[in-house]
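Below, read A as the first sequence line, B as the second, and so on, with proteins coming before strands; counting in each chain starts at 1.
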There are 2 protein chains.
Amino acid sequence: MDSTAGRRPTVKDVARIAGVSQGTVSNALSGMRGVDPETRQRIDQAIATLGYIPNLAARRMRTGRTNTIAVMTSMPAAVSAGSSRLGFLMEIAASAAIHALDYNSALVLVPPVADPAVALRHVAMDGAIVIEPQTDDAFLLLLKRRGVPVVVIGQPASVDLPWVDMHYYRTAEMLLAHLLTQGARRIALIVGTSSRVSHHVTLERYESWMLLEGIPPCVIYVPEADGEDGSYRATLDLLRSNPDIDGIFASIDAFASGVMRALRDMGRAVPSDVRVVTRYNGLRAREERPALTAVDLHLDQIAALATRLLMDLIAGREIERITAGPIPSLVVRGSS
Amino acid sequence: MDSTAGRRPTVKDVARIAGVSQGTVSNALSGMRGVDPETRQRIDQAIATLGYIPNLAARRMRTGRTNTIAVMTSMPAAVSAGSSRLGFLMEIAASAAIHALDYNSALVLVPPVADPAVALRHVAMDGAIVIEPQTDDAFLLLLKRRGVPVVVIGQPASVDLPWVDMHYYRTAEMLLAHLLTQGARRIALIVGTSSRVSHHVTLERYESWMLLEGIPPCVIYVPEADGEDGSYRATLDLLRSNPDIDGIFASIDAFASGVMRALRDMGRAVPSDVRVVTRYNGLRAREERPALTAVDLHLDQIAALATRLLMDLIAGREIERITAGPIPSLVVRGSS
DNA sequence: TGCCTTGAGTAAAACGTTTTAATGCGCGAC
DNA sequence: GTCGCGCATTAAAACGTTTTACTCAAGGCA
């Protein structure tokens, strides 16, 4: 009668077969302490014959480490998931998952849902990457309460956390410069209502530049949660009240989709009547006809950077509070 | 002197403050057994004052449940991740992550890397969704060894596992019918070399139909790992040896990108000289110029279905071995 | 009244690992 | 010869939950 019948083999079984103690097996497994080569071989042998697989839950409970990081954003699904549910979040997640492997970690994908507490209830993690948090971001508050190390992609508004700079200012500048170069004179900015640094910086750069150019600024605020439709309606209103608009800067790609639809419905040609640019070079920017001029933020590199920083933070190494991400590059397309 | 100083509060602390035993706190938390309303309130009170957060690792160790599912595919990154790293895998992952929440579960994203054993080393899961496995799929073998419940998206080749039917046959039929309707007569099929049911079925339908139409079949095999470049070279060869080709069915979107590049380089116009279609309606299909006719596989619905099935399986409920996914729909674009 | 059931509660065991403190042993230095 | 040291090893503790087996009191029923 095999005493391991039915059960999955444990360290205890391995120890018994190899004729050593549990502790020695553990040492052989982790390599933390010296084990005699001959002993180690016996242990490896036992592991192979038993088909032993470590119980990760027990290991995690004992060590307190989960070898897991999480990626999340409080951007509402209407804009962060968007058409085909792909976008910003997923692009970063894909890259982070690959790079997390280099640090023996798995990545859990926290979907953008209404209640962050629900989303995090069953997520155990050593650290988290939070994308473009808003002021008093629910995810950041929860993570802080739990004491989870965090690296932010984009600039956090209120809290003091390490972050990867996505060059909001420069991005806005590139897009505005491009619109002006292409001949746009009456440029409108469509921006989300939530309090995010990306919005503030974009808005600030827009307003200061318009002032400089002597162009009356025209800013439209749309709640992120209203997504494409909200932007559609706002653009219709905009064009009725300001028919001379000849350039539109949509700060979120879902908004850009609404803008394009509104322009089509109003019979405005793009780019001849109105030039349109947006920030995130995602599915929507590419699929739109004409395709949208946008900015390649190099999210894969940003995610790789954020992952590395987070791992350093978790390991207790000192990291800079601000890390510059790759310089974004303009992708000029038919819409401008 | 507070005895909870430094430590994070545990069930023991909560029990002490509330004046009950650990077991009662656990019962109140899980709702598994009756707890007097008045007692429950005292416990809730204690939890609030202490800021108690359950230790998930301990819970998992005790219950054996991780409240986590994983999504993975053995498709090489060259084709599964593709341009911008988005695509098939991520589209399914995004949807599965959201639906997993309905079952109090988190989703871990297992990236497509060379060594599946490495990718899974630190992943604890109650079940897994495996996308389009190949014959003797490394992920499936590992999962089987671990005894992890699995639901397959697409048809598994060798093993007997529950799966969600993506209608390979019908998909191939739709694309072929479309090419023929559009006037293509010499149709070539570009397919991966790995042994996957999707390839076999597509190939089978292609050959039988070509036989029926009296068209000599022309199949090109490209290793998935060679991705777009491999397809590019294969297409150049194809067009040199078979200059009368007027239709190309690329079974993988990365291959379609290579096809389009080759056609451009050879000076063939799309769609007038050659019509091109592909299967997965991802970023590549949409970004290509002209955009590619493709098939909307409704991956979000498929992922939702697979998630539900997996949860049923984990819960020990009986599930069908085969579940029909949504019927794919043709998305006609400029390339045909 | 006596017996059985039910419901709330408790003390202790159990989950499988890593870590700690202790042990024994061989070996070089004194 | 003995002391001290380093090294491999061990037995037992510890991690924080859930579950088990048990107690006790209250209440229904014959």
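- Among the protein residues, Ser30(A) comes within range of no part of the nucleic acid, since none of its heavy atoms lies under 4.0 Å from any strand.
- Each of Arg62(B) and Val20(B) was matched to the nucleotide of DNA chain C holding its nearest heavy atom; the match closer to the 5' end belongs to Val20(B).
- Residue pairs satisfying the side-chain hydrogen bond (donor to acceptor under 3.5 Å, both in side chains) criterion with at least one member in residues 302-313 of chain B, sequence neighbours excluded, are listed as follows: Asp312(B)-Arg317(B).
- Within the nucleic acid shown, Gly34(B) comes within 4.0 Å of sugar-phosphate atoms alone, with no base atom in reach, counting heavy atoms only.
- Considering only heavy atoms from C-beta on, Val14(B) comes within 4.5 Å of Leu50(B) through its side chain.
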For Arg8(A) and Asp13(A), run salt bridge (Lys or Arg N to Asp or Glu O under 4.0 Å): C-alpha distance rounded to whole Å, both residues' side-chain angles, the deciding distance at 0.1 Å, then the answer.
CA-CA 9 Å; Arg8(A) 273 184 40 173; Asp13(A) 300 317; over 6 Å; no
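- Base engagement by Ser26(B) is indicated by at least one non-hydrogen atom pair under 4.0 Å involving a base atom.
- The distance from atom CG of Leu29(B) to atom C1' of dT19(D) is 15 Å, rounded to the nearest whole Å.
- For the pair Leu120(A)/Val110(A), a side-chain contact is recorded, criterion being any heavy-atom separation below 4.5 Å from C-beta on.
- None of Gln41(B), Arg40(B), Arg42(B) except one satisfies the side-chain contact (heavy atoms from CB on, under 4.5 Å) rule with Val35(B); the exception is Arg40(B).
- If Ala58(B) and Thr24(B) are placed on DNA chain D by their nearest nucleotide, the residue sitting closer to the 5' end is Ala58(B).
- Note on Arg33(B): a base of the nucleic acid sits closer than 4.0 angstrom, heavy atoms only.
- Heavy-atom nearest nucleotides on DNA chain D were determined for Met61(B) and for Asn27(A), and the one closer to the 5' end corresponds to Asn27(A).
- Rounded to an integer number of Å, the gap from NZ of Lys12(A) to P of dA11(D) is 12 Å.
- Using a 4.5 Å heavy-atom threshold, the side chains of Thr323(A) and Pro162(A) count as separate.
- Chain B approaches DNA chain C within less than 4.0 angstrom (heavy atoms of the protein), and the contacting nucleotides run 5' to 3' from dA8(C) to dG16(C).
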